[in-house]
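One structure is given here, and the rest of the page talks about it.
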Amino acid sequence: MPVWDELWTDARLVTMQGDGLGLIEPGAIAVKDGRIAWVGAMAELPHQDAQRTHDAGGRFVLPGFVDGHTHLVFAGNRIGEFERQLGGATRNELAAEGGGILYTTRETRKASVAELVAIATPRLHRLMSEGVTTLEIKSGYGLDLESELNMLRAARILGRENGVRVVTSFLGAHVVAPEYKGRSADYITHLIEVIFPAALAEGLVDICDGGIEGLAIKPEDMLRLYAAAQAAGIPVRGHTDQYGDVGGGGILAGIGALSADHLEYVSEDSLAAMARAGTVGVLLPGSTLFLNEPRRPPVEWFRKHGVRMALATNCNPGSSPTLSPLLVLALGCSFFRMTPVEALRGMTVNGAAAIGLGGKVGELRAGLPADFVLWDITQPAELCYWLGGSPPRQVVRAGVIGSGA
């Protein structure tokens, strides 16, 4: 008779199956070779041996969190700019002085791969300590060949060295590189012909990201890069409709993008297109809090059209310096008026879909990686109630048991 490696009994399982939480209680979950071998009600538990059995003690067990939008790898910080903004300086003023993204670019270009890994590792551990088992990490602070590659190399190393699943996004089109100031079309051509192919050749790219905001990079130029990515078999996603309705959600849906992110000003027509295409809307309330933005994504339209909503930290030095998925869950509910069920699905099953891992992570289902978390909570909504709650009791990543990071 086959033997399971691990078995948890007397668990309250939040499987994320169906349209809700997919609650099974009391339930059990078994692990074999790093994957879920069986999950279901205790009354249906097969008579099968396990090398180790754990009593979950009636605790809730959720899939590991999927943080589907982060800029985790960067050097330097922008604390000085933060203080100046509190004193009244605008983002445009800081950018004109060489601040903002281009400041982070200068600092990131100075750092080696090893230095980027060393700087980002404590950030990653903070995310992991709150139950993250899968995350996306973008490039986009290098903006030249070697620095963009170094960011992506660092992201790959972070995943390997810390036992966490990392999906990489090529964000060379974050902004226009300073060497190409005033020549955005030429910069996109450089990305298409030089930097993106080099990243592909090293196997560093899982997704191609970019921005459709009608700012320095024109949408038609961004679409050229997306077309090159899709021709190479790389899926795409994008930042859009954050500062105004430019129709970006609809544009991204039209090319079959995995996700459209931010979406504070997204139109109802764009959301209808996203629903038809299956494009996930990734909402980023950390930016709303940090930037004190009054605009909120129109969640009621997401519901009306059936657009899947994901939540993510958007960890970055300029607009969302947060490393707490628990805080983001709370903000998704308190700021954006998502329900706890929507928020929790946003950080699990829908977060997985946003980064091309739908049906592969973010659920408790036989055959999937054994990534799950035991929580000392009275009900799942409690994870969204506290403004930064307590760390989990136990985190299991690919069947390996830990207490956090």
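Numbering starts at 1 and runs along the sequence shown.
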key: Nearest-0.5 Å distance, CG of residue Leu191 to CZ of residue Arg224   = 9.5 Å
Considering only distance and modelled atom types, tabulate donor-acceptor pairs under 3.5 Å from the side chains of residues 275-287, sequence neighbours left out.
| residue | atom | partner | partner atom | Å |
| --- | --- | --- | --- | --- |
| Thr279 | OG1 | Ala257 | O | 2.9 |
| Ser287 | OG | Asn314 | ND2 | 2.8 |

inquiry  = If you define the side chain from C-beta out and look only at heavy atoms, does anything of Glu44 sit under 4.5 Å from Ile24?
reply    = no
ask   = Who passes side-chain hydrogen bond (donor to acceptor under 3.5 Å, both in side chains) against Asp376, sequence neighbours left out?
value = Arg59, Arg393
inquiry  = According to salt bridge (Lys or Arg N to Asp or Glu O under 4.0 Å), who are the partners of Arg109, at least two apart in sequence or on a separate chain?
reply    = Asp144, Glu179
request  = Can you sort out the partners of Arg78 under side-chain hydrogen bond (donor to acceptor under 3.5 Å, both in side chains), two or more places apart, ordered by chain and number?
outcome  = Glu81, Thr104
task = Using a strict 4.0 Å threshold on nitrogen-to-oxygen distance, state whether Glu268 and Lys304 make a salt bridge.
result = yes
ask   = Does OH belonging to Tyr385 count more than 12 external heavy atoms closer than 6.0 Å?
value = no
message = Measuring only between side-chain heavy atoms, which start at C-beta, is Leu383 closer than 4.5 Å to Ile377?
response = yes
key: Separation between NZ of Lys138 and OG1 of Thr168, rounded to the nearest 0.5 Å   = 10.5 Å
Heavy-atom side-chain proximity of Pro298 to Val266 below 4.5 angstrom = yes
query = Is there a donor-acceptor contact under 3.5 Å from the side chain of Arg12 to the main chain of Leu23?
reply = no
Please tabulate, one pair per line, all N/O donor-acceptor pairs under 3.5 Å involving side-chain atoms of residues 364-371, not counting sequence neighbours.
| residue | atom | partner | partner atom | Å |
| --- | --- | --- | --- | --- |
| Arg365 | NE | Glu363 | OE1 | 3.4 |
| Arg365 | NH2 | Gly359 | O | 3.1 |
| Asp371 | OD1 | Ala398 | N | 2.7 |
| Asp371 | OD2 | Arg165 | NH1 | 2.7 |
| Asp371 | OD2 | Arg165 | NH2 | 3.2 |

Results of side-chain hydrogen bond (donor to acceptor under 3.5 Å, both in side chains) for Ser259 - residues two or more places apart only = Arg237, Asp261
request  = State whether the number of non-hydrogen atoms from other residues, nucleotides or ligands found under 6.0 Å of Phe82 atom CZ is greater than 12.
outcome  = no
query = Shortest non-hydrogen contact from Leu258 to Ala353?
reply = CD2-O, 4.2 Å
ask   = Thr70 and Glu136: which non-hydrogen atoms are nearest, and at how many Å?
value = OG1-O, 2.5 Å
ask   = Among all residues two or more places apart in sequence or in another chain, which pass the side-chain hydrogen bond (donor to acceptor under 3.5 Å, both in side chains) test with Glu161?
value = none
Let me check something: any side-chain donor-acceptor pairs from residues 322-338 under 3.5 Å, sequence neighbours excluded? List them with distances.
| residue | atom | partner | partner atom | Å |
| --- | --- | --- | --- | --- |
| Thr322 | OG1 | Ser324 | N | 3.2 |
| Ser324 | OG | Glu130 | OE1 | 2.9 |
| Ser324 | OG | Glu130 | OE2 | 3.3 |
| Ser324 | OG | Leu327 | N | 3.0 |
| Ser334 | OG | Ala330 | O | 3.0 |
| Arg337 | NH1 | Ser334 | O | 3.0 |

task = Ignoring hydrogens and angles, tell me if any N or O in the side chain of Arg156 forms a donor-acceptor pair with the backbone of Gly203 under 3.5 Å.
result = yes
remark   = Of all heavy-atom pairs linking His239 and Leu171, the shortest is CE1-CD2, 4.1 Å
key: Residues which pass salt bridge (Lys or Arg N to Asp or Glu O under 4.0 Å) with Glu193, listed by chain and number, not counting sequence neighbours   = none
query = Could you walk me through whether Phe65 and Val373 pass the side chain to side chain contact (heavy atoms under 4.5 Å, CB included) check?
reply = CA-CA 8 Å; Phe65 287 149; Val373 185; over 6 Å; no
query = Does Val176 offer a backbone N or O that forms a donor-acceptor pair with the side chain of Lys181 under 3.5 Å?
reply = no
key: side chain to side chain contact (heavy atoms under 4.5 Å, CB included) between Trp8 and Ile401, worked out   = CA-CA 12 Å; Trp8 280 261; Ile401 301 170; 3.6 Å; yes
key: Check: Glu148 side chain, Gly142 main-chain N or O, donor-acceptor pair, under 3.5 Å   = yes
request  = Please assess Leu204 against Leu149 for the test side chain to side chain contact (heavy atoms under 4.5 Å, CB included), listing each intermediate value before the final yes or no.
outcome  = CA-CA 8 Å; Leu204 297 174; Leu149 296 181; 4.0 Å; yes
task = Output yes when a side-chain donor or acceptor of Arg84 lies under 3.5 Å from a complementary backbone atom of Ala89, and no otherwise.
result = no
inquiry  = To the closest 0.5 Å, what do you measure between CD1 (Ile195) and CD (Glu146)?
reply    = 10.5 Å
query = Are the side chains of Leu135 and Cys315 in touch, meaning some heavy atoms are under 4.5 Å apart?
reply = no
Partner set under salt bridge (Lys or Arg N to Asp or Glu O under 4.0 Å) for Glu202, not counting sequence neighbours = Arg153
ask   = If we only count heavy atoms from C-beta on, is the Leu72 to Asp67 side-chain gap below 4.5 Å?
value = no
message = The criterion is salt bridge (Lys or Arg N to Asp or Glu O under 4.0 Å); which residues satisfy it with Arg296, sequence neighbours excluded?
response = none
ask   = What are the two closest heavy atoms between Leu145 and Ala198, and how far apart are they?
value = CD1-CB, 3.6 Å
ask   = Can you check whether Tyr141 reaches His174 side chain to side chain, under 4.5 Å on heavy atoms?
value = yes
key: Side-chain heavy atoms of Glu220 within contact of Lys218, under 4.5 Å   = yes
remark   = Minimal heavy-atom distance between Phe196 and Cys208, with the atoms involved, is CE1-CB, 4.4 Å
query = Within the distance-only criterion (no hydrogens, no angle test), does the side chain of Asn162 pair as donor or acceptor with the backbone N or O of Leu158 below 3.5 angstrom?
reply = yes
request  = Of all the heavy-atom pairs spanning Gly238 and Tyr226, show the shortest one and how long it is.
outcome  = CA-OH, 3.4 Å
query = Ignoring hydrogens and geometry, is there a side-chain-to-backbone donor-acceptor pair from Arg397 to Gly402 under 3.5 Å?
reply = no
task = Assess the side chains of Glu6 and His54: does a donor N or O sit below 3.5 Å from an acceptor N or O?
result = yes
query = Tyr187 versus Leu143: any side-chain heavy-atom pair under 4.5 Å?
reply = yes
task = Output yes when a side-chain donor or acceptor of Thr105 lies under 3.5 Å from a complementary backbone atom of Ile101, and no otherwise.
result = yes
inquiry  = Distance check, rounded to the nearest 0.5 Å: Arg303 atom CZ versus Thr339 atom OG1?
reply    = 6.0 Å
query = In Å, rounded to the nearest 0.5 Å, how long is the span from CG of Asp33 to CH2 of Trp4?
reply = 13.5 Å
Evaluation steps, side chain to side chain contact (heavy atoms under 4.5 Å, CB included), between Leu116 and Ile157 = CA-CA 10 Å; Leu116 290 172; Ile157 293 168; over 6 Å; no
Residue pairs involving residues 338-366 (criterion ring-ring contact (aromatic ring centres under 6.0 Å, His included); sequence neighbours excluded) = none
Side-chain donor or acceptor of Thr240 paired with backbone N/O of Ala260 under 3.5 Å = no
ask   = Is Asp241 reaching over with its side chain to a backbone N or O of Gly248, donor-acceptor style, under 3.5 angstrom?
value = yes
